[in-house]
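One structure is given below, encoded as structure tokens.
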Number of protein chains: 2
Amino acid sequence: MSDDPIRPSDGELAILRVLWDRGPSTVRDVHAALSEGRDIGYTTVLKLMQIMVDKGLATRDESARSHVYRAAQAEAPTQACLLRDLLDKAFEGSAASLVLRALSETPADPAELEAIQATLDRLRKERR
Amino acid sequence: MSDDPIRPSDGELAILRVLWDRGPSTVRDVHAALSEGRDIGYTTVLKLMQIMVDKGLATRDESARSHVYRAAQAEAPTQACLLRDLLDKAFEGSAASLVLRALSETPADPAELEAIQATLDRLRKERR
DNA sequence: AAAAAAGTACGAACCAGTTCGTTGACAAAT
DNA sequence: ATTTGTCAACGAACTGGTTCGTACTTTTTT
């Protein structure tokens, strides 16, 4: 039952981002979105999306001629999965040191700091 | 002059971790360390470390018969580099959302939370 | 009806990273 | 002196991911 999220490759992640953003989309849609940022062929995107269905990263509705693809897993658990991977590979599994690194290496915006503070407070409460 | 850290691959990162941990080491040392965790051939490690020298991820002292390798970049900037990469690929560049995800998805230990709180306070002060 | 456009499927090439066997140099042990 | 062990170097195979050309099918346009 425990359906662990599958870790997407870079290309797959780029496509997932579009699907999360736009919702169910055709290859054409996704290709258009990705083309904004870089040169990429239509069939490249198509192939990638087909592979994603095979892997279980996406599902598709084939009832229309233009198949409609959906992300098979939500953004949050996917991010968590990628984060855990980096955690294990580069931070000896310590989330705190990852967070510290992230905080001290990136310019922080006050509103964001507040959001983090709120989460921190919440976690402290839950601890008791 | 700004010598941006090079992003290591997974295998390279595993080796860097050993070098950061143990300090300057021979291939034999690194191989021994990695063998603790998983099966890996000696020449595999050797080859990887040679490649790392080519790429500038490591340096080596060839004066002795057993060459001695050193990490060419420190741990912190390398972590920052990997973090930035993930940030761009999976969090639309928002460090805050990465931090939030990391905090809410991993069991937090009170001491770690305090460390994070301290950094947060420091950042807030610097803001002014 | 024919031509053009839009779509899927699929194989092939290619790239980076990983893995390891083999070779040859040198050193240590017998 | 010979054998045995340790080391670096290198090439080759393999893997996962990416990219795209080509072929084929179904619509849409003319």
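Computation of the quantities below employed the complete heavy-atom set of this structure, encompassing side-chain atoms and omitting hydrogens, waters and symmetry-equivalent molecules. Lettering of chains follows the sequences in order, A, B, ..., and the numbering in each one begins at 1.
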In whole angstrom, what separates [X]'s [atom1] from [N]'s [atom2]?
X: B:Leu34; N: C:dT18; atom1: CG; atom2: C1'; value: 13 Å
X: B:Lys89; N: D:dT18; atom1: NZ; atom2: C1'; value: 14 Å
X: A:Ile40; N: D:dT18; atom1: CD1; atom2: P; value: 9 Å
X: A:Tyr69; N: C:dG7; atom1: OH; atom2: P; value: 12 Å

- Heavy-atom side-chain proximity of B:Leu98 to A:Thr106 below 4.5 angstrom: no

*asked:* Quick one, A:Tyr69 and A:Val30 - any side-chain contact, counting heavy atoms below 4.5 Å?
replied: no

Without hydrogens or angle criteria, can the side chains of B:Arg22 and B:Ser25 be said to hold a donor-acceptor pair below 3.5 Å?
yes

Rounding to the nearest 10°, end axes of the helix from C:dA1-D:dT30 to C:dT30-D:dA1 built from five pairs each make an angle of 10°

Practice prompt. Check step by step if salt bridge (Lys or Arg N to Asp or Glu O under 4.0 Å) holds for B:Asp121 and B:Lys125.
Written response: CA-CA 6 Å; B:Asp121 291 343; B:Lys125 279 228 174 69; over 6 Å; no

List the steps and the verdict of side-chain hydrogen bond (donor to acceptor under 3.5 Å, both in side chains) for B:Thr78 and B:Glu75. CA-CA 5 Å; B:Thr78 303; B:Glu75 186 169 18; over 6 Å; no

Per atom distances to the A:Thr43 side chain, the nearest of D:dT22, C:dT22, C:dT18 is D:dT22

Decide yes or no on side-chain hydrogen bond (donor to acceptor under 3.5 Å, both in side chains) for B:Gln50 and B:Asp54, but give the supporting numbers first. CA-CA 6 Å; B:Gln50 286 169 342; B:Asp54 287 348; over 6 Å; no

| query | Do you reckon A:Leu34 sits in the same ILVMFWY cluster as A:Val68, going by side-chain contacts under 4.5 Å, direct or chained? | reply | no

query: Same cluster or not: are A:Ile51 and A:Ile15 linked, directly or through other Ile, Leu, Val, Met, Phe, Trp or Tyr residues, by side-chain heavy atoms under 4.5 angstrom apart?
result: no

Donor-acceptor contact below 3.5 Å, side chain A:Gln79 vs main chain B:Arg101 = no

**Asked** Does B:Arg17 reach the main-chain N or O of A:Lys89 with its side chain, forming a donor-acceptor pair under 3.5 Å?
**Response** yes

Expected list for residues 45-67 of chain B near DNA chain D, using heavy atoms below 4.0 Å, is B:Leu46, B:Lys47, B:Gln50, B:Arg60, B:Arg65, B:Ser66, B:His67

What residues 18-32 of chain B contributes to the DNA chain D interface at heavy-atom separation below 4.0 Å is B:Val27, B:Arg28

Between B:Ile116 and the options A:Thr119, A:Leu100, A:Leu123, the side-chain contact (heavy atoms from CB on, under 4.5 Å) test singles out A:Leu100

- Message: Heavy atoms only, 4.0 Å cut-off, all strands: where does A:Arg38 land among base, sugar-phosphate and nothing?
- Response: sugar-phosphate

Under 4.0 Å: is that the gap between some side-chain N or O of B:Tyr42 and OP1 or OP2 of D:dA8? yes

